[in-house]
Amino acid sequence: MRVNSRKNQSRVSDQTKVLTRSAIALALSMISLLLFRGATSIVSTFIIPVVIVLFSKRNEPISFIYIATGLLMMTALFFQTQIVFVAGYLLLSLVLKYYLLDYRNKVMLSVPGILKYLFAVIVILFIGIQLTQWIFLIPLHDMMLKLSNNQPLRYIGILLMEGIAITLVNLLLLKALTSRIKV
């Protein structure tokens, strides 16, 4: 009887830890979305994927599911126009986790991993810009066309520069915080 009781207590304790980590990740992500709106919303790309990775364990997919579900629901309720980018942040966190972390959640820097993440950032930014303009009629793509003077190579160059900045900041934050935050 005591063995079952200990197993149940352990299971409840594990579930409590998962929910606590998920709640912290959700709160930090929502604060980022609340603080960085409009023209500064790109800053959330520097923060949210790293937060999700830090508070969801690799061998515990339920924590990612809790974070993703909560984040998508809260975004749909309070930040509708950010839903496309939030979905992108979730995808970026998965790419970060599977290409740049080992099984112990330690950062492992490799050129192929970094290039895969950089490519994912650029693609997600481009798709996010396109879908946000198409769904919400927010002229992000038009703004990017003006910035690039309607030149496709310049447009790609801007996305590349944003992608490099996001990749570098994400990696630096992840490297700095994985050793300090034990989940």
Side-chain angles (χ1 to χ4, degrees), residues 12-101 103 105 107 113 116-138 140-141 159 162-163 165-178 180-183:
V12 169
S13 175
D14 290 345
Q15 290 172 352
T16 302
K17 288 177 185 176
V18 169
L19 287 172
T20 303
R21 283 195 317 270
S22 301
I24 292 169
L26 183 58
L28 291 172
S29 298
M30 295 309 295
I31 289 169
S32 178
L33 290 173
L34 187 63
L35 291 176
F36 305 111
R37 304 180 87 170
T40 62
S41 65
I42 188 100
V43 176
S44 291
T45 312
F46 294 112
I47 299 167
I48 295 176
V50 173
V51 166
I52 295 168
V53 168
L54 288 173
F55 290 97
S56 64
K57 287 188 175 181
R58 185 181 186 117
N59 59 349
E60 203 173 63
I62 193 71
S63 62
F64 178 80
I65 292 168
Y66 287 158
I67 294 167
T69 303
L71 190 54
L72 289 171
M73 285 174 32
M74 296 295 285
T75 304
L77 286 171
F78 300 110
F79 309 101
Q80 294 86 12
T81 58
Q82 286 289 317
I83 195 80
V84 173
F85 284 102
V86 166
Y89 303 154
L90 292 167
L91 291 173
L92 286 178
S93 70
L94 290 174
V95 175
L96 259 178
K97 190 181 293 190
Y98 289 103
Y99 289 117
L100 295 168
L101 290 180
Y103 68 94
N105 274 357
V107 178
K116 287 175 187 175
Y117 187 69
L118 174 62
F119 181 75
V121 169
I122 292 169
V123 168
I124 287 170
L125 282 175
F126 182 74
I127 291 170
I129 289 167
Q130 298 293 324
L131 286 177
T132 300
Q133 179 159 327
W134 184 67
I135 296 169
F136 298 108
L137 305 176
I138 298 171
L140 292 179
H141 178 65
L159 287 175
E162 288 178 345
I166 290 165
T167 300
L168 285 175
V169 171
N170 283 173
L171 290 174
L172 289 172
L173 283 174
L174 200 58
K175 186 80 171 158
L177 296 175
T178 51
R180 290 184 172 86
I181 296 176
K182 303 290 184 211
V183 291

> Of all heavy-atom pairs between Ile47 and Asn170, which one has the smallest distance, and what is that distance?
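Heavy atoms of Ile47 and Asn170 come nearest at N-ND2, 4.4 Å.
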> Who pairs with Ser93 by side-chain hydrogen bond (donor to acceptor under 3.5 Å, both in side chains), at least two apart in sequence or on another chain?
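None.
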> Could you check whether any side-chain heavy atom of Tyr89 comes within less than 4.5 Å of a side-chain heavy atom of Val51, counting everything from C-beta outward?
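The answer is no; the side chains never approach within 4.5 Å.
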> What residues form a side chain to side chain contact (heavy atoms under 4.5 Å, CB included) with Ile127, not counting sequence neighbours?
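Side chain to side chain contact (heavy atoms under 4.5 Å, CB included) list for Ile127, sorted by chain: Val123, Leu131.
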> I'd like to check Val169 versus Thr45 (side-chain heavy atoms, cut-off strictly below 4.5 Å). Are they in contact?
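They are not in contact (no side-chain heavy atoms under 4.5 Å apart), so the answer is no.
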> Does the side chain of Ile52 come within less than 4.5 Å of Leu90's, by heavy atoms?
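Touching, per the 4.5 Å side-chain cut-off.
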> What pair of heavy atoms forms the shortest contact from Ser56 to Phe64, and how long is it?
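Looks like CB-N, 3.9 Å.
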> For Phe136, I'd like to know if atom CZ has over 12 heavy atoms of other residues, nucleotides or ligands within 6.0 Å.
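Correct, the count exceeds 12.
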> Checking Thr69 side chain against Tyr66 main chain: does a donor-acceptor pair fall under 3.5 Å?
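Between the backbone of Tyr66 and the side chain of Thr69 there is no qualifying donor-acceptor contact (under 3.5 Å).
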> Where do Met30 and Thr75 come nearest, in terms of heavy atoms and distance?
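Minimum heavy-atom contact is CE-N, 4.5 Å.
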> Answer whether the closest heavy-atom distance between the side chains of Leu171 and Leu96 falls below 4.5 Å.
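Heavy-atom side-chain distance check passes, below 4.5 Å.
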> Would you name the heavy atoms of Gly70 and Leu26 that are closest together and state the gap between them?
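Scanning both residues completely, I find the closest heavy atoms to be C-CD1, 3.5 Å.
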